[in-house]
Amino acid sequence: MSQISLTFPDGNTRDYAAGITPAEVAADISTSLAKKAISATVNGRHHDLQWPIDADASVAIHTMKDAPQALELIRHDLAHIMARAVQEIWPATKVTIGPVIENGWYYDFDREEPFTPEDLGQIEAKMKEIINARDAVRTEVWSRADAIAHYEKTGERYKVELVNAIPDDGQPIRMYWHGDWQDLCRGPHLQHTGQVPADAFKLMKVAGAYWRGDSKNPMLQRIYGVAFQNRDELKKYLTFLEEAEKRDHRRLGREMDLFHMQEEAPGQIFWHPNGWRIYTTLQDYMRRQQDRGGYVEVNTPQVVSRKLWEASGHWENYQDNMFIVEVDEDHAREKTVNALKPMNCPCHVQVFNSGLKSYRDLPLRMAEFGSCNRYEPSGALHGIMRVRGFTQDDAHIFCMESQIEAETAKFIEFLAAIYADLGFNDWTIKLSTRPEKRIGSDESWDRVEAALGNACKAAGYDFEVQEGEGAFYGPKLEFTLTDAIGREWQCGTLQVDPNLPERLDAVYIGEDGAKHRPVMLHRAVLGSFERFIGILIEEHAGKLPFWLAPRQVVVASIVSDADDYVHDVVRHLRAAGVRAEADTRNEKINYKVREHSVGKVPVILAVGMKEVDERTVTIRRLGEKDTRVSGLDDVIAQLSAEATPPDLA
RNA sequence: GCUGCUGUAGCUCAGUGGUAGAGCACUCCCUUGGUAAGGGAGAGGCCGACAGUUCAAUCCUGUCCAGCAGCACCA
C-alpha cells in the first residue's frame, strides 16, 4: 500500500498509508482529539471522519468548537433525524430532500394528511429519543441499480427520481444509516446521533413546497427547523425573532399611523398623513438627486391602449399580470381595451420617439416617478413591500452600447450615495446572466455581461452571479436590501435592454448621418417608494433619521398654564422648517412621553412653568432616558439644522 | 396561483348551537400632574361575505373574499 503525506493547519506533516480515514488520523494525533473530532476538511472539502484519503492532502480535523462545520453537521444530521422521526410516527410518509439552510434545515415530505402544529411537538419528542439513543451513523456505497431497486421496493418514488438524477460519472451513491433507518445522502455526517445537541433545535413551521421547486409538480409538506451549537445560541436566535417582530413595517405602520390597507383594495395602500410625509420627503430628495445626476423628468399616462402593449410585447408575455380596463364607448362595435401600465418603459420610448434624436443627445436619462399597477399573484403580496399599486423611481437611459459600462458605473455610485444618505450600509449586488431562453447573439451577451461586471468592479463593489437569471433580452444588476428577519428584497436594479427599442422602433441619428438603434438601460434606485419605505422602516425599527421622520418634534405641556408657550414654541419651530406639533391635552407628562415614544417621535420638548419663565425647553430624545434643558433659540437652531435633508446640509 | 393556518369593537385578544366579553384606544367628568399608561363614567360589534344543516348559527358544513407563513412568481 502506498504512503501519503498529510499536511495539518499548523504546517506539520505526517505520513500514512493511503486510504486512511480522518478518524484514524485524529486517533493517531491524540486520544482526546479522537473523542472530540466530528469531521475533517480535506483539501478544502468538508468530509466526515470515515472518508478515506487516497493521496497527499491538507487535512484539518474539526471539533464542535468549529462553528461553520459543526453547524453544518448538526443541521444536516437533524434533517435526517427528523425524517426518520416522521417515518417512525407515520410510516406511509414518503421522504424527499432535506438540505441545510440559514439557521437550520428543512425536509420535504409527501403525506396525505397535513402536519399540524401539534404534530411538530410529537416529532420533536421523537427526534430527542433518536438523539438519546446515540445510534451510530454509518455510510455505505451502493450501486445505482441497487439503490433504485431498493427505493422502488419501498415505494419511495421521489428517491428513485433523485438517484436517477445523479449524473452517471462514476461517483458513488452513498447511503446513510442510523439505527434501522436509511437515507440517500452524500454526507458529511457526525459519528452518532448523540453528538447532536438535543436542546439546541426547534421545529418552526410547516409550509407547502413544490417538488423540485416547480409549480407543475405536486406540492409537498415542508417542515422547517432551526438549530445551533447550544441552547444559549438557540435562545438568542428566538429572542432575535421576537425583536424582529417589533420592527415589522406592518406593525410599525399602525403604531406610527403611517398607512393602512383593507380588503376592498388588496395590495394597495391607503397612506395616512404621517406615512405620506415620509413618501413626499423621500420623493423631494430623489428629485433633487436626479436633477443633479443629469436626468430629465417626464410623466406618462396610466391607462394605455392594448395596441401599445402589443407592440411592446407585454400583451403577449405579461398580460396575466396586467389590470385590463375595458371601456364600453357609445355606438362602438367593440369595447376599447386598455391596460393600466405595469411598467413605464414603453411610454418612455414614446417620449424618446417624439422628435428626432441625435447621437449628441445620448446618453439621454429619462426619469419618472411612475405609478404602476401589476396584478401580482395573491400569495406574493406582503405588506407594503409587494403590492399591486406602486410608484417606481424609474428611469431609462437611452444610450449606445459603448456607453453602457460608463453609465452603469455612474449609476452604481449614484445609488450608493443615496443608500448611504438613507442609512443603508449593508446591501449587495447580484448580476443575473443569460437565461436559456433568450434573444441576441452570444457575443453580444458576452460584451454586455462583462460591461456590467466591470462597472461594479470599477465602482469598487463585489457582486454575486446568478447564472441564468437575466431577462430574455439582457443581463441585469439587482441591488438587494434585507428586512427585519433577514429576507432579501430587490430594490435597485439596472437592466440592459436592446429589445424594446427594436420593438418600438427607437432610433437616433449617428455621426454618420444614418439611423441607429439605441440601447435602453432600465434602472431604479429605490425600486418602488412603497417597498423602499417598508425596508426603511424595518431597517431603522421605526426610528427614522430626523429629516425623514414624519413627526419630528412634539411640544408637550406639563401644566395647562404652559399651553400658550407650547403653541408659541411650535410656531417658531415650524417657521424654522421643523415638523412640530403641540400636545396640550389634559394628560400627565408620563402619558404623553409614552405615547409619543411608541409613535417614534424623535424629539419631545416638555414645557412646564419653569420653561415658560426662563424661555427654555426640556428636550428628550427618542430612546434616551435623560433630558436636558436648553434655551429656546438654541434648540430651534439645532433642530432646524437636523431637519435639513443630507443633500442640502 | 399552490399548501397550511387565521378572520369577533379602532388595536390586541377571550368566548358560546339560544344574536357577545376584557384590556388599551375613543367621548365626558374629576384631576394641573416634571419624563414610558392618574381616577371615574359612557359610548362602541351584521362575530369577513354568501349559501346550507338546524326550531335556532358568530359557533357545524360548503363556496368565496381577505390576511399570515412558506413555495412558485417577481420584464
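Reminder, nothing fancy here: chain letters follow the sequence lines and each chain counts from 1.
Between A/R386 and B/C73 there is no side-chain polar atom (N or O) within less than 4.0 angstrom of OP1 or OP2. Of the side-chain N and O atoms in A/H382, none sit less than 4.0 angstrom from OP1 or OP2 of B/C74. Contact between the side-chain N/O atoms of A/R621 and the OP1/OP2 oxygens of B/U35 is not found at any separation under 4.0 Å. Distances shown here put a side-chain N or O of A/S378 below 4.0 Å from the OP1 or OP2 atom of B/G1.
Under the 4.0 Å criterion applied to side-chain N and carboxylate O atoms, A/K476 and A/E478 are assigned as salt-bridge partners. In this structure, A/E401 does not pair ionically with A/R517, as no charged nitrogen and carboxylate oxygen lie closer than 4.0 Å.
Contacts of A/Y591 with the nucleic acid, taken as non-hydrogen atoms under 4.0 Å apart, involve only primed sugar atoms and P, OP1 or OP2. Across all strands, A/E611 comes closer than 4.0 Å to base atoms (heavy-atom distances). Note on A/K610: a base of the nucleic acid sits closer than 4.0 angstrom, heavy atoms only. Within the 4.0 angstrom heavy-atom criterion, no nucleotide atom of any strand lies near A/G623. Here A/R388 lies out of heavy-atom contact (under 4.0 Å) with every strand. Among the heavy atoms of the strands lying under 4.0 Å from A/Q495 are primed sugar atoms or P, OP1, OP2 only; no base atom is included. Using a 4.0 Å heavy-atom criterion, one finds that A/M385 contacts no nucleic acid atom at all.
In this pair, A/H249 and A/H382 present their aromatic rings tilted. The plane angle is within the 30 to 60° band. In this pair, A/F411 and A/F479 present their aromatic rings perpendicular. The plane angle is above 60°, beyond the 30 to 60° band. Taking the six-membered ring where tryptophan is involved, the planes of A/Y107 and A/F109 are essentially parallel, since the angle between them stays under 30° and well short of 60°.
In this structure, of B/G70, B/C73, B/A37, it is B/A37 that holds the atom nearest to the side chain of A/R594. For A/A209, the side-chain atoms get nearest to B/C71 when compared with the rest of B/C71, B/A36, B/G1. The side chain of A/N590 approaches B/A37 more closely than any other nucleotide in the set B/G67, B/G70, B/A37. The side chain of A/P266 approaches B/G67 more closely than any other nucleotide in the set B/G67, B/C71, B/U35. For A/R250, whose side chain is taken as the heavy atoms from C-beta onward, the closest listed nucleotide among B/C74, B/A36, B/A69 is B/A69. Residue A/P377 places its side chain closer to B/A72 than to any other of B/A69, B/A72, B/C2. Closest approach to the A/A606 side chain among B/C71, B/C73, B/U35 is made by B/U35 (side chain taken as heavy atoms from C-beta onward). Of all nucleotides listed (B/G38, B/C74, B/U35), B/C74 comes nearest to the side chain of A/R374. Among the nucleotides B/A36, B/A66, B/A69, the one closest to the side chain of A/E263 is B/A66. For A/M219, the listed nucleotide lying nearest its side chain is B/C2; candidates were B/C73, B/C2, B/U35.
As rounded to the nearest Å, B/A57 and B/C73 have P atoms that lie 46 Å from one another. Nucleotides B/C64 and B/C5 are separated by 15 Å at their P atoms, to the nearest Å. The same atom, C1', is picked in B/C11 and in B/G67; the two are 16 Å apart, to the nearest Å. Rounded to the nearest Å, the gap between the C1' atom of B/C13 and that of B/C47 is 13 Å. Annotation: B/C74 and B/G15 have their P atoms spaced 42 Å apart (nearest Å). Rounded to whole Å, the C1' atom of B/G45 lies 12 Å from the corresponding atom of B/G10. Going from the P atom of B/A72 to that of B/U63 covers 27 Å, rounded to whole Å. Annotation: B/G48 and B/C59 have their P atoms spaced 8 Å apart (nearest Å).
Partner assigned to B/A37 is none, using Watson-Crick or G-U wobble distances below 3.5 angstrom. Base-pair partner of B/A66: B/U6 (Watson-Crick or G-U wobble, both distances under 3.5 Å). With a cut-off of 3.5 Å on both pairing distances, the Watson-Crick or G-U wobble partner of B/C26 is B/G42. Shown here, B/C55 forms a base pair with B/G18; the pair counts as Watson-Crick or G-U wobble because both key distances fall under 3.5 Å. B/G1 is paired with B/C71 under the Watson-Crick or G-U wobble criterion, all donor-acceptor distances under 3.5 Å.
The interatomic distance linking A/R222 (CZ) with B/C71 (P) rounds to 6 Å, in whole Å. Atom pair A/Y224:OH and B/A69:P shows a separation of 13 Å (rounding to whole Å applied). One atom, CZ of A/R251, and another, C1' of B/C13, lie 14 Å apart when rounded to the nearest Å. Separating the NZ atom of A/K205 from the P atom of B/A69 is a distance of 9 Å, rounded to the nearest angstrom. In this structure, A/Y106 atom OH and B/U3 atom P are separated by 19 Å, rounded to whole Å. Between A/I223 atom CD1 and B/G70 atom P the separation is 16 Å, expressed in whole Å. One can place CZ of A/F390 at 14 Å from P of B/C74, the figure rounded to the nearest angstrom. As rounded to whole Å, 18 Å separates atom P of B/C74 from atom CG of A/D394.
Judged by a 6.0 Å distance limit and a 45° cone about the ring axis, A/K94 is not positioned over the six-membered ring of A/Y158. Under a cutoff of 6.0 Å and an axis angle of 45°, A/R615 and A/Y565 do not form a cation-pi pair.
Taking the ring centroids of A/Y224 and A/Y106, they lie under the 6.0 Å cut-off. A/H272 has its ring centre no less than 6.0 Å from the ring centre of A/F259.
Counting atom types as modelled, A/Q262 pairs no side-chain N or O with a base atom of B/G48 as donor and acceptor under 3.5 Å. Evaluation of atom-type donor-acceptor distances gives a pair under 3.5 Å for the side chain of A/Y210 against the base of B/G1. Side chain A/T618 to base B/G34: a donor-acceptor pair is found below 3.5 Å. With hydrogens and angles ignored, a donor-acceptor pair closer than 3.5 Å exists between the side chain of A/S560 and the base of B/U32.
For the pairing with A/K430, the salt bridge (charged side-chain N to carboxylate O under 4.0 Å, His left out) check across A/E488, A/E469, A/E467 returns one residue only, A/E488.
Taking for each of A/V559 and A/I485 the nucleotide of RNA chain B with the nearest heavy atom, the 5'-most of the two is the partner of A/V559. Mapped onto RNA chain B by nearest heavy atom, A/N317 and A/G267 fall at different nucleotides, with A/G267 at the one closer to the 5' end.
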